[in-house]
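Reading through the structure tokens given below for one structure.
Everything numeric here is computed off the predicted structure, so don't read it as measured data. Chain identifiers are assigned alphabetically (A, B, ...) following the order of the sequence lines, protein sequences preceding nucleic acid strands; residue numbering begins at 1 within each chain.
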Protein chains: 2
Amino acid sequence: MSSSVQKHDVFQAIADPTRREVLRLLAEKDLPISEITSHFPISRTAVAKHLQVLSEAELVSGRKVGREKIYRLHPEPLTELKDWLSYYEKFWENKLSILKHIVENPSMKVNISDETDKD
Amino acid sequence: MSSSVQKHDVFQAIADPTRREVLRLLAEKDLPISEITSHFPISRTAVAKHLQVLSEAELVSGRKVGREKIYRLHPEPLTELKDWLSYYEKFWENKLSILKHIVENPSMKVNISDETDKD
DNA sequence: TTGACATGAAACCAAAAGGTTTTATATAAT
DNA sequence: ATTATATAAAACCTTTTGGTTTCATGTCAA
């Protein structure tokens with residue numbers, strides 16, 4: 001059986017602020033667990049668990065070097081998030097362009113209704 | 001100074017697959033709770049709680065119409081996610097450009113390991 | 001006015017999440 | 001060889017999460 005169990009997905013993985021901060025750190029450079037831990041007020045064990053979750057989402061990978069385990073960022077799974085987001089982009093981009101239009105035409109009369117139907 | 005408590009943020013809100021599905025439904029049109037519930041195998045109460053979480057993240061809003069409560073998508077907070085993502089885009093875009101380089105140079109020797117295989 | 005309906009609110013529950021402490025093991029340094 | 005370092009693994013704890021059931025309330029329809 002291949003590595004497809006994926007107990008944690010990318011949406012879950014980035015839900016926790018500590019894990020997002022871990023990703024930030026690893027974006028700069030590969031780091032061992034102890035180094036990562038030094039940036040947080042929690043125990044090394046807790047950080048290791050966060051790394052486990054990130055690892056299951058395949059956002060990071062760890063290799064053992066001597067007695068250290070060096071973690072590396074693996075950003076590819078974030079494309080799933082990007083794809084998910086792209087579905088909604090049209091919505092707010094639309095609203096932003098309406099706003100832009102209003103701002104650029106100060107003499108406009110603006111009527112904002114609360115109606116459901118948009119087509 | 002009104003709705004700024006924000007117990008749930010957008011990252012947490014989208015972490016749950018049911019809530020993501022709710023957003024999809026609301027992307028098509030405004031819906032009352034009972035309608036939304038009919039798309040899931042869980043109770044109306046459970047759906048209402050998911051809507052509460054989405055509402056705290058300001059991703060949806062509900063208005064009462066008669067005896068129904070109609071929910072509407074409010075996609076603007078997703079920009080926070082987009083902004084967060086943009087920080088990491090350069091990483092995988094960089095990898096894509098490496099891939100492009102390989103494709104455009106057919107004489108290159110390429111060694112691809114299979115260890116990160118996903119299905 | 002009497003049901004049927006749509007929701008709200010509260011109490012409850014099991015499992016997961018996020019954390020800790022303790023114990024063990026491998027590697028590095030002296 | 002001994003000790004310090006870096007991690008792993010396991011047991012345990014508390015709070016949150018995602019769900020349920022039950023009961024109450026407001027509104028629509030006959």
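Of the possible polar contacts, one joining the R20(B) side chain to the A15(B) backbone as a donor-acceptor pair under 3.5 Å is found. S43(A) places a side-chain N or O within 3.5 Å of a backbone atom of A46(A) that can act as its donor or acceptor partner.
Running 5' to 3' along DNA chain D, contacts with non-hydrogen atoms of chain B at under 4.0 Å begin and end at dT17(D) to dC28(D).
Within residues 47-54 of chain B, the residues having any heavy atom under 4.0 Å from DNA chain D are, by residue number, K49(B), H50(B). Proximity of residues 26-45 of chain A to DNA chain D (heavy atom under 4.0 angstrom from any strand atom) is restricted to P32(A), I33(A), S34(A), R44(A), T45(A).
For R24(A), there are no salt bridge (Lys or Arg N to Asp or Glu O under 4.0 Å) partners two or more places apart in sequence or in a different chain. Checked against side chain to side chain contact (heavy atoms under 4.5 Å, CB included), R67(A) has no partners two or more places apart in sequence or in another chain. Residues satisfying the side chain to side chain contact (heavy atoms under 4.5 Å, CB included) criterion with S61(A), sequence neighbours excluded, are R72(A), H74(A). Residues forming a side chain to side chain contact (heavy atoms under 4.5 Å, CB included) with T37(A) (at least two apart in sequence, or on another chain): I33(A), R44(A), V47(A). Judged as a side chain to side chain contact (heavy atoms under 4.5 Å, CB included), and not counting sequence neighbours, the contacts of E35(A) are L31(A), P32(A), S38(A), H39(A).
A ring-ring contact (aromatic ring centres under 6.0 Å, His included) check over residues 40-71 of chain B, counting only residues at least two apart or in different chains, returns nothing.
Cluster annotation: W84(B) and V53(A) are assigned to distinct hydrophobic clusters (Ile/Leu/Val/Met/Phe/Trp/Tyr, side-chain heavy-atom contacts under 4.5 Å, transitive).
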Distances for protein N/O vs nucleotides 15-17 of chain C N/O pairs under 3.5 angstrom?
unit_1: dA17(C); atom_1: OP1; unit_2: Q12(A); atom_2: NE2; d: 2.9

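In this structure, K90(A) is not positioned above the aromatic face of Y88(A) in the sense of NZ or CZ being under 6.0 Å from the six-membered ring centre and within 45° of the axis.
Here I70(A) is tied into one hydrophobic group with V65(A), each link being a pair of ILVMFWY side chains closer than 4.5 Å.
For the pair R63(B) CZ and dG8(C) P, the interatomic distance rounds to 14 Å; values are reported in whole Å.
The two residues Q12(A) and R19(A) have their closest heavy-atom pair at O-NH2, 3.3 Å.
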